[in-house]
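Can you read through this structure? Questions will come right after.
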Amino acid sequence: MRISIGSDHAGFEQKQALVDYLVGKGYDVIDRGPDSDDRVDYPDFAVPVAQDVADGAVDYGVLVCGTGIGMAMAADKVPGIRAANIITPEFAALCREHNDANVITLSGRFVALEDNERILDTFLSTDFGGGRHAGRVEKIMSLD
Ligand code: RB5
């Protein structure tokens, strides 16, 4: 499975650790930066990751900022993207099962790395439920 990942300065440390975590689990990871914890603007990193997903270059996108909120707002502006800001494993499962989320955004400041690893595990291993959820997701996508 291919994953594109990015962060801002507030998510940089966890992004680095999550790249190692995902590579260690055998995922094919594209790191869209940044390469240091110098102050940056999160939309500049959300868009390349979201574009990788929208283009079909990867299966999922992972974005980390202070809260995950700004990353979700920016990524969702890219046509084809359904980004979800997730802080619990339960919501990670539901954003895949019900919403077919293709980008997950994480908090590097308010959620511990070990918790984000569990959240990512759940996100990446949960399938879309389809059925009654499919038409709702289609209605979301018709808004692009
Ligand atoms: C950066 O200070 C912070 O605003 C950013 O990382 C993120 O939390 C925005 O949603």
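No hydrogens, no waters, no symmetry mates; every other heavy atom, side chains included, goes into these values. We count ligands from 1, going down the list as the structure has it; atoms in each ligand are counted the same way. Quick caveat: nothing in here was measured; it's all calculated off a predicted structure.
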Legend entry - Which of the ligand 1 atoms, numbered from 1, are nearer than 4.0 Å to a heavy atom of Ala10: 6 (O)
Inset, instruction - May I ask you to say whether Lys15 pairs ionically with Asp31, meaning some side-chain N is under 4.0 Å from a carboxylate O? - result: yes
Inset, instruction - Flag the pair Arg82 and Asp100 as a salt bridge only when some basic side-chain nitrogen lies within less than 4.0 angstrom of an acidic carboxylate oxygen. - result: yes
Inset, instruction - Identify the protein heavy atom lying closest to atom 4 (O) of ligand 1, giving its residue, its atom name and the separation to 0.1 Å. - result: Tyr42 CE2, 4.4 Å
Inset, instruction - Measure the shortest side-chain to side-chain distance between Ser7 and Phe45 over non-hydrogen atoms and say whether it is less than 4.5 angstrom. - result: no
Inset, instruction - For atom 3 (C) of ligand 1, find the nearest protein heavy atom and state the residue, atom name and distance (0.1 Å precision). - result: Arg109 NH1, 4.1 Å
Legend entry - Donor + acceptor pair across side chains of Asp52, Tyr60 (<3.5 Å): no
Legend entry - Over 12 foreign heavy atoms within 6.0 Å of OH, Tyr21: yes
Legend entry - Residue portion contacting ligand 1 (non-hydrogen atoms closer than 4.0 Å) for Cys65: both
Legend entry - Protein heavy-atom partner closest to atom 8 (O) of ligand 1 - residue, atom, separation in Å: Thr67 N, 3.0 Å
Legend entry - Residue and atom name of the nearest protein heavy atom (relative to atom 10 (O) of ligand 1), distance in Å to one decimal: Gly70 N, 2.8 Å
Legend entry - Atom indices of ligand 1 within 4.0 angstrom of Gly66 heavy atoms, with elements: 5 (C), 6 (O), 7 (C), 8 (O)
Legend entry - Over 12 foreign heavy atoms within 6.0 Å of CD, Gln16: yes
Legend entry - Closest approach of any protein heavy atom to atom 6 (O) of ligand 1, naming residue and atom: Asp8 OD2, 2.6 Å
